[in-house]
Amino acid sequence: TTARFSCSTIEGFGGLLTHELTHRFDGALYPGIPSWLAEGKAVWTGGSYGAASDETFVEDHVQFGTIQSAWFKGYGGEDKLTELITGDLEDYRDNYVAGYALYAYLKLWQEPTGTFVYAPNLEAYQKGLSSNRKKPLEWFNANFADGAGGRPEDFAGFAAAFQEFLEGFYWEDRAEWTDRYLEDVERAGGGWVYD
């Protein structure tokens, strides 16, 4: 991987490297990872990289505008969400926006009690991708629309809940629960590196 670095900060470069290294690790750990998850997770890790001295990601960070963009593009609807999960997109770049929104939802969505709804199944889902690559929607549903642990019973229910999540980030009418997420990640700063 070759990355061009200019007109940024050292920590900005750290975010870029984190994005690209996420691809390397995911490729080794989860063969068959779909494009939406590969790009969505890498956008999340790159954006949730804080100060260079931090040992962990800023776990509750989300890019509000990116999630809102996924809503504008219609990815809360069953048809567009199916295209994303099955990889039948017209524009690969939607994997960055809609994939990010879907990954953030799966990783961070909680019941009002604080119980994570989808995150407990995320690791098993990723580990089973290679053996289930020919049935991506069925494998997705088996993990995230199985009716257990507060999850919806079918894909239609999942899409409706995801739509509500996306819509909650609309800038003119933000849902109260968006307060649980950080929109900005604090970085130590530092001078600009021009070349």
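L37 has its side chain within reach of Y125: a pair of non-hydrogen atoms, C-beta onward, lies under 4.5 Å apart. Under the 4.5 Å side-chain criterion, counting only non-hydrogen atoms from C-beta, Y181 is in contact with F169. Contact check for Y30 versus E123: side-chain heavy atoms found under the 4.5 Å cut-off. A heavy-atom distance below 4.5 Å is found between the side chains of R24 and T1. Within the 4.5 Å cutoff, side-chain heavy atoms of L102 are placed close to those of L81. Between S6 and V193 there is no side-chain heavy-atom pair separated by less than 4.5 Å. Using a 4.5 Å heavy-atom cutoff, the side chains of Q68 and E167 are not in contact. Between V62 and L182 the shortest side-chain heavy-atom distance does not fall below 4.5 Å.
Distance check: W139 CH2 to S131 OG gives 6.0 Å after rounding to the nearest 0.5 Å. Note that OG1 of T18 and CD of E11 are 10.5 Å apart. Values are rounded to the nearest 0.5 Å.
Side-chain rings of F158 and Y118 approach one another, their centers coming within less than 6.0 Å. A centroid separation of 6.0 Å or more is found between the aromatic rings of W171 and F64. A ring-centre distance under 6.0 Å is found for W44 and F57.
Counting only distance, with no hydrogens or angles, the side chain of T45 and the backbone of A42 share a donor-acceptor pair below 3.5 Å. Under the 3.5 Å distance criterion, the side-chain polar atoms of S69 are matched with a main-chain donor or acceptor of G65. Side-chain atoms of D154 come within 3.5 Å of backbone N or O of G157 as a donor-acceptor pair. Without hydrogens or angle criteria, T178 side chain to R174 main chain gives no donor-acceptor distance under 3.5 Å. Put simply, the side chain of D146 gets close to the backbone of A148: a donor and an acceptor are under 3.5 Å apart. Between the side chain of H61 and the backbone N or O of E183, at least one donor-acceptor pair lies under 3.5 Å. Checked by atom type and distance alone, the side chain of Y100 pairs as donor or acceptor with a backbone atom of Q63 at under 3.5 Å.
Ring geometry for F165 against W177 counts as parallel: the plane angle stays under 30°, on a 0 to 90° scale with 60° as the upper cut.
Counting heavy atoms of neighbouring residues, nucleotides and ligands inside a 6.0 Å radius, atom CD of E164 does not exceed 12 of them. In this structure, D79 places its CG atom where only 12 or fewer heavy-atom neighbours from other residues, nucleotides or ligands lie under 6.0 Å away. Other residues, nucleotides and ligands place no more than 12 heavy atoms under 6.0 Å from the CD atom of E153. Counting heavy-atom neighbours within 6.0 Å of E172 CD, excluding the residue itself, gives a total above 12. For CD of E111, the number of neighbouring non-hydrogen atoms (other residues, nucleotides, ligands) closer than 6.0 Å is greater than 12.
The heavy-atom pair separating Q163 from G76 by the smallest distance is OE1-CA, 3.1 Å. Counting all heavy atoms, side chain and backbone alike, A101 lies closest to A70 at CB-CB, 3.7 Å. A pairwise comparison of heavy atoms in L108 and F116 identifies O-CE2, 3.6 Å as the closest pair. Pairing each heavy atom of V43 with each of H19, the nearest pair is N-ND1, 3.6 Å. Among all heavy-atom pairs drawn from P34 and L129, the shortest one is CD-CD1, 3.6 Å. G15 and Y49 make their closest contact through N-CD2, 3.7 Å (heavy atoms, listed as atom of the first residue, atom of the second, distance).
Clustering ILVMFWY residues whenever any of their side-chain heavy atoms sit less than 4.5 angstrom apart, transitively, puts F72 in the very cluster that holds L84. Criterion: ILVMFWY side-chain heavy atoms under 4.5 Å apart, direct or through other members. Under it, I85 and L89 are part of a common hydrophobic cluster. In the hydrophobic clustering of this structure, I33 groups with F144; members are Ile, Leu, Val, Met, Phe, Trp, Tyr whose side-chain heavy atoms approach within less than 4.5 Å, directly or through other members. Side-chain heavy atoms closer than 4.5 Å link hydrophobic residues (I, L, V, M, F, W, Y) into clusters, and following such links, possibly through other members, connects L122 to W36. By the rule that hydrophobic residues join a cluster once side-chain heavy atoms approach within less than 4.5 Å of another member, F13 and V58 end up as members of separate clusters.
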Residue pair Y105, I67: steps toward the side chain to side chain contact (heavy atoms under 4.5 Å, CB included) verdict:
CA-CA 9 Å; Y105 180 60; I67 293 176; over 6 Å; no
Please walk me through it: do N121 and L106 pass side chain to side chain contact (heavy atoms under 4.5 Å, CB included)?
CA-CA 9 Å; N121 290 10; L106 295 173; over 6 Å; no
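The side chain to side chain contact (heavy atoms under 4.5 Å, CB included) check on N141 picks up L137, A145, F155, with sequence neighbours excluded.
Taking the charged nitrogens against the carboxylate oxygens, D26 and K41 do have a contact shorter than 4.0 Å, which makes a salt bridge.
Residues in residues 84-95 take part in these side-chain hydrogen bond (donor to acceptor under 3.5 Å, both in side chains) pairs, two or more places apart or across chains: E39-Y92, K73-D94, Y75-D94, T86-D88, D91-R93.
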